[in-house]
Amino acid sequence: MPADYSGTWDLVSNVNFEDYMVAMGIDFATRKIAGLLKPQKVIEQDRDYFTIKTLTTFRNYTSSFKIGEEYEEVTKGLDNRKCQTVVNWDNSRLVCVQRGEKRNRGWTHWMEGDKLHLELCCEDQVCKQVYKRSS
Ligand code: VL7
C-alpha cells in the first residue's frame with residue numbers, strides 16, 4: 001500500500017523561495033507577487049495516479065502523473081519550460097526529477113504527522129515548504 005497524500009494542504013512556511021525563483025529565471029515583478037502568495041495544495045491520489053493542484057490567488061498549476069512513467073511537463077504559468085518529468089516512490093516519499101534546461105531540477109514530498117513537506121530544487125537552490133492539512 002503506497003502512502004496516501006490525498007487532501008487539501010495550506011502553506012505554513014516557505015524558506016528560500018526567492019533564491020529558488022531567481023534560479024528558475026523568474027523576473028523581478030513576478031517574484032515580488034509570487035513571494036507573497038500562500039499556496040494551497042489539493043492532492044488527488046489513486047494509488048500510483050496523482051493530480052497535484054497548486055492553487056493561489058495569482059495563478060494555478062496542475063500536474064497529473066503516474067508513478068514511474070516519464071512524461072513531458074510544460075510548466076505553464078511558472079517558468080514556461082519543457083521538462084522530461086518522472087516521479088518515483090522512495091519508501092513513502094515522492095521524488096520528482098524534471099530533466100531539461102535547468103540542472104538539478106525536481107522536488108520531493110513527504111508527510112510527518114499532519115504536515116506535508118516539499119523541497120523544491122533548481123540548480124544550486126533548495127526551497128523548503130511546509131503545509132498543514134486544512135479542515
Ligand atoms: C511549484 C513556483 C516559481 C513562477 C507564479 C507563482 C505561482 C504557484 O512544482 C510544483 O508543485 C509540484 C509539487 O507539489 C507539483 O506540480 C509547483 C511552484 C513553484 C516557482 C515560478 C512564479 C510565478 C505559484 C502556482
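Counting convention: from 1, in listed order, for ligands and their atoms alike.
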Where ligand 1 meets Met21 - atom numbers and elements under 4.0 angstrom, heavy-atom basis: 3 (C)

Contact check: His109 vs ligand 1, nitrogen or oxygen atoms, below 3.5 angstrom: yes

Thr30 contact mode with ligand 1 (heavy-atom cut-off under 4.0 Å): side chain

Option set Met24, Glu18, Lys53, Arg59, criterion heavy-atom distance to atom 25 (C) of ligand 1, minimum: Arg59

Residue selection (non-hydrogen contact nearest atom 19 (C) of ligand 1) among Tyr5, Tyr61, Phe17: Phe17

Numbered atoms of ligand 1 (with element) below 4.0 Å of Lys41, judged on heavy atoms: 10 (C), 11 (O), 12 (C), 13 (C), 14 (O), 17 (C)

Sub-4.0 Å atoms of ligand 1 with respect to non-hydrogen atoms of Ile52: 14 (O), 15 (C)

Donor on one side chain, acceptor on other, Asp48 and Trp89, under 3.5 Å: yes

Per-atom contacts, ligand 1 versus Tyr20 - under 4.0 Å to a heavy atom: 20 (C)

Pair Arg81 + Glu73: basic N to acidic O under 4.0 Å: no

Residue Ile26 vicinity, atoms of ligand 1 by number, heavy atom under 4.0 Å: 4 (C), 21 (C)

Atoms of ligand 1, numbered as shown, that sit under 4.0 Å from any heavy atom of Ser63: 15 (C), 16 (O)

